[in-house]
2 protein chains.
Amino acid sequence: MFLIQTLDLICGINMKSSYYISEYKMPLKDYFIFGLSIDCVVFGYHEGEIKVLLVQRDAEPFKGHWALIGDLVDPEQNLLDAANNVLEKLTGLKNIYMKQFFTFGSVDRHPLGRVVTVGYFSLVNSIDHHPIASSWAKSAEWFNINHLPELAFDHQSILTKGIETLKNDVRHKPTGFELLPDKFTLLELQLLYEALLGYKFDKSNFRKKILEMNILKPLNEVKENVSHRPAKLFRFDEKRYRILEQNGFSFEL
Amino acid sequence: MFLIQTLDLICGINMKSSYYISEYKMPLKDYFIFGLSIDCVVFGYHEGEIKVLLVQRDAEPFKGHWALIGDLVDPEQNLLDAANNVLEKLTGLKNIYMKQFFTFGSVDRHPLGRVVTVGYFSLVNSIDHHPIASSWAKSAEWFNINHLPELAFDHQSILTKGIETLKNDVRHKPTGFELLPDKFTLLELQLLYEALLGYKFDKSNFRKKILEMNILKPLNEVKENVSHRPAKLFRFDEKRYRILEQNGFSFEL
DNA sequence: AATACTTAAAGTAAAAAATACTATAAGTAT
DNA sequence: ATACTTATAGTATTTTTTACTTTAAGTATT
């Protein structure tokens with residue numbers, strides 16, 4: 001499948017300029033020296049705060065610094081598969097919401113050579129799972145996105161861009177639901193959106209607005225073990241949302 | 001700067017697992033065989049239609065098919081520089097609005113090997129400039145985005161994603177201005193947005209809305225050579241927009 | 001020079017939506 | 001039984017959006 005070994009041969013029969021515009025400065029195979037990695041911004045939500053999962057490096061360079069979870073991509077692996085693998089290895093979680101948000105490719109960003117990294121973010125509701133078992137990281141921790149430590153490599157800019165993308169998505173798509181447990185109350189939803197957007201909603205109006213959208217499926221259950229009137233539980237109705245979306249509905253809060 | 005030649009040496013002294021999580025299946029250097037390319041979706045606007053610039057391939061594979069403009073990235077070149085180069089080589093245009101929108105990395109997407117491509121889109125107002133001079137393309141043409149020919153490689157999906165991103169951006173950011181000449185009338189702006197969004201605005205209300213945003217600078221000039229009352233010309237005031245944006249203003253049409 | 005025609009630009013009333021606030025219901029804890 | 005907490009429904013006011021009307025300012029024609 002990979003023809004790189006025969007590239008020079010191909011070039012020999014004048015394929016050099018047949019694929020692309022450039023007059024190449026060097027043999028075609030010298031263009032095939034990029035490394036590709038995934039860096040994953042894992043968001044969680046706990047007690048009114050948006051968190052991000054970081055691991056502490058136990059090896060040089062940047063020993064002791066915190067970093068995003070990431071890994072080199074195997075040349076036979078698709079990007080999204082690689083991203084899912086990275087997350088699964090660290091947290092054991094599968095089938096998590098994942099979204100590619102930006103690709104970082106500064107020439108100098110990595111000491112090993114020209115490593116281009118694709119940034120993904122994922123939204124996780126079970127903030128407890130993070131069994132760390134890695135040869136290069138000694139611990140993993142959730143950090144409030146407003147109180148971050150110093151990060152390794154260019155992970156600060158990756159994280160910043162990831163946060164920016166999340167905050168932007170949240171305003172126009174029902175993104176946040178992935179951060180809540182499957183069943184949630186309207187107040188829990190409101191508090192999440194307040195944390196994400198950074199401002200308060202009027203309780204009554206928030207309820208009205210979100211219910212009128214018709215994207216929540218009411219369950220015949222109520223919150224248990226609360227010392228006050230228990231609230232009804234809802235579930236996000238993704239199917240319905242997709243239908244509404246196709247008919248021109250747009251989610252706005 | 002590039003340490004790839006010495007990677008195996010490094011691996012020899014047990015750096016293998018110090019950067020990343022994985023226990024690698026093969027020598028580290030075998031991960032550095034990716035090619036990286038840029039594919040650029042060039043949007044234009046002419047007589048009420050949104051257009052995209054395509055070139056026709058004059059070489060196998062996909063000879064005769066239309067394709068996005070693109071090229072391999074030089075290992076010593078930053079991504080955005082590479083994207084700007086691609087555009088400049090084909091159109092001669094510099095300092096064009098460019099935005100990275102998605103990275104495509106299917107294992108099988110390219111016959112030369114594992115080539116990951118970063119998708120950019122650009123917005124161009126001078127739809128006339130496209131002096132084609134290339135060894136692999138015989139012509140360049142603007143296509144209405146609703147009437148596209150069959151495309152080479154996976155360019156159909158890249159283009160689709162690019163169009164989707166543009167249409168999405170347009171609703172929440174003042175993106176479209178780059179498609180108009182520097183000075184424009186309110187009706188011209190309205191017609192552009194109608195083409196981009198696919199529905200009509202009430203003229204009077206559109207004017208009111210956009211002027212109240214305070215992101216247009218009125219000029220002391222009017223449209224010339226028209227056979228009716230000439231409209232005032234405006235210019236997009238990007239500086240002002242940035243300030244408003246930081247204060248929480250969000251562009252919505 | 002008067003008239004017709006086209007588009008610009010301003011204004012206005014009705015409808016809809018967002019907002020702020022009030023009242024009541026349904027549960028737990030003491 | 002009473003106090004307390006949160007859920008849930010409702011309503012009146014303000015603001016925004018929408019649909020429509022009127023007037024102004026230019027060109028082209030007769």
Side-chain angles (χ1 to χ4, degrees), chain A residues 47-48 170-172 174 180-181 183-236 244 247-253, chain B residues 47-48 170-172 174 180-181 183-195 197-237 244 247-253:
Chain A
E47 292 177 350
V170 156
R171 302 194 54 183
H172 310 299
L180 288 177
K183 303 168 181 181
F184 51 84
T185 71
L186 293 181
L187 188 56
E188 284 167 352
L189 183 64
Q190 180 181 344
L191 293 174
L192 168 64
Y193 271 96
E194 289 180 350
L196 283 168
L197 294 171
Y199 54 81
K200 302 275 183 190
F201 291 92
D202 177 275
K203 193 171 152 188
S204 191
N205 298 330
F206 181 86
R207 298 168 56 85
K208 227 182 298 173
K209 203 165 181 177
I210 199 94
L211 286 176
E212 275 169 4
M213 288 183 189
N214 254 301
I215 54 172
L216 298 186
K217 187 185 285 176
L219 305 172
N220 284 327
E221 296 177 63
V222 293
K223 194 84 183 174
E224 293 187 353
N225 296 319
V226 288
S227 70
H228 51 77
R229 176 177 175 184
K232 279 183 197 157
L233 289 168
F234 292 83
R235 177 179 284 145
F236 175 52
L244 291 171
N247 298 338
F249 164 80
S250 86
F251 180 90
E252 303 273 338
L253 272 180
Chain B
E47 293 177 351
V170 156
R171 303 193 55 184
H172 310 299
L180 288 177
K183 302 169 181 180
F184 51 84
T185 72
L186 294 181
L187 188 56
E188 285 166 352
L189 182 64
Q190 180 181 343
L191 293 174
L192 168 64
Y193 271 95
E194 289 180 348
L197 294 171
Y199 54 80
K200 302 275 181 187
F201 291 93
D202 177 276
K203 193 170 152 189
S204 189
N205 298 332
F206 181 86
R207 298 168 55 85
K208 226 181 300 174
K209 203 164 181 177
I210 198 93
L211 286 177
E212 275 170 3
M213 288 183 189
N214 255 301
I215 56 173
L216 298 187
K217 187 186 285 177
L219 305 172
N220 285 326
E221 297 177 61
V222 292
K223 194 84 184 174
E224 293 187 352
N225 295 319
V226 287
S227 70
H228 52 76
R229 175 176 174 184
K232 278 182 197 157
L233 289 168
F234 292 83
R235 177 179 283 145
F236 175 53
D237 190 343
L244 290 171
N247 298 338
F249 164 79
S250 85
F251 180 89
E252 303 272 339
L253 273 180

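Each chain gets a letter, A, B and so on, in the order the sequences are listed, and its residues count up from 1.
For the pair B/N220 and B/L233, the minimum side-chain heavy-atom distance is 4.5 Å or more.
B/R235 is linked by a side chain to side chain donor-acceptor pair (under 3.5 Å) to B/D182, counting only residues two or more places apart in sequence or in another chain. Annotation: ring pair (Phe, Tyr, Trp, His ring centres under 6.0 Å) contacts of A/H228 (sequence neighbours excluded): none. Evaluation of the salt bridge (Lys or Arg N to Asp or Glu O under 4.0 Å) rule for B/E221 yields B/K183 as partners, not counting sequence neighbours. Contacts of B/F234 classified as ring pair (Phe, Tyr, Trp, His ring centres under 6.0 Å), with partners at least two apart in sequence or in another chain: none. Listed by chain and residue number, nothing satisfies the side chain to side chain donor-acceptor pair (under 3.5 Å) test with A/K203 (two or more places apart in sequence, or in another chain).
As judged by a 4.0 angstrom heavy-atom cut-off over every strand, A/L187 is placed among residues touching the sugar-phosphate backbone only. Using a 4.0 Å heavy-atom cutoff across all strands shown, A/K232 reaches sugar-phosphate atoms only and no base atom.
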Pairs under 3.5 angstrom, nitrogen or oxygen only, protein versus nucleotides 12-15 of chain C, please.
unit_1, atom_1, unit_2, atom_2, d
C/dT12, O4, B/K208, NZ, 2.9

Got a list of protein N/O to nucleotides 27-30 of chain C N/O distances below 3.5 Å?
unit_1, atom_1, unit_2, atom_2, d
C/dT28, O4', A/H228, N, 3.4

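Mapping B/D202 and B/A231 onto DNA chain C by nearest heavy atom places B/A231 at the nucleotide closer to the 5' end.
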In a table with atom names and distances, give each donor-acceptor pair under 3.5 Å that connects a side chain of residues 204-212 of chain B to protein atoms at least two apart or in another chain.
unit_1, atom_1, unit_2, atom_2, d
B/N205, ND2, B/D202, OD1, 3.3

Return all side-chain donor-acceptor pairs below 3.5 angstrom for residues 189-196 of chain A, not counting sequence neighbours, or 'none' if the list is empty.
unit_1, atom_1, unit_2, atom_2, d
A/Q190, NE2, A/E194, OE2, 3.0
A/Q190, NE2, A/F201, O, 3.0
A/E194, OE2, A/F201, N, 2.9

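Rounded to whole Å, the distance from CZ on B/R207 to C1' on D/dA24 is 12 Å. Residue A/K203 contributes atom NZ, which lies 18 Å from atom P of C/dT19 at whole-angstrom precision.
How far CZ of B/F249 is from CE of B/M213: 5.0 Å, rounded to the nearest 0.5 Å.
Direction change of the helix axis from one end of the helix from C/dA1-D/dT30 to C/dT30-D/dA1 to the other is 0°, with five pairs defining each end axis (rounded to 10°).
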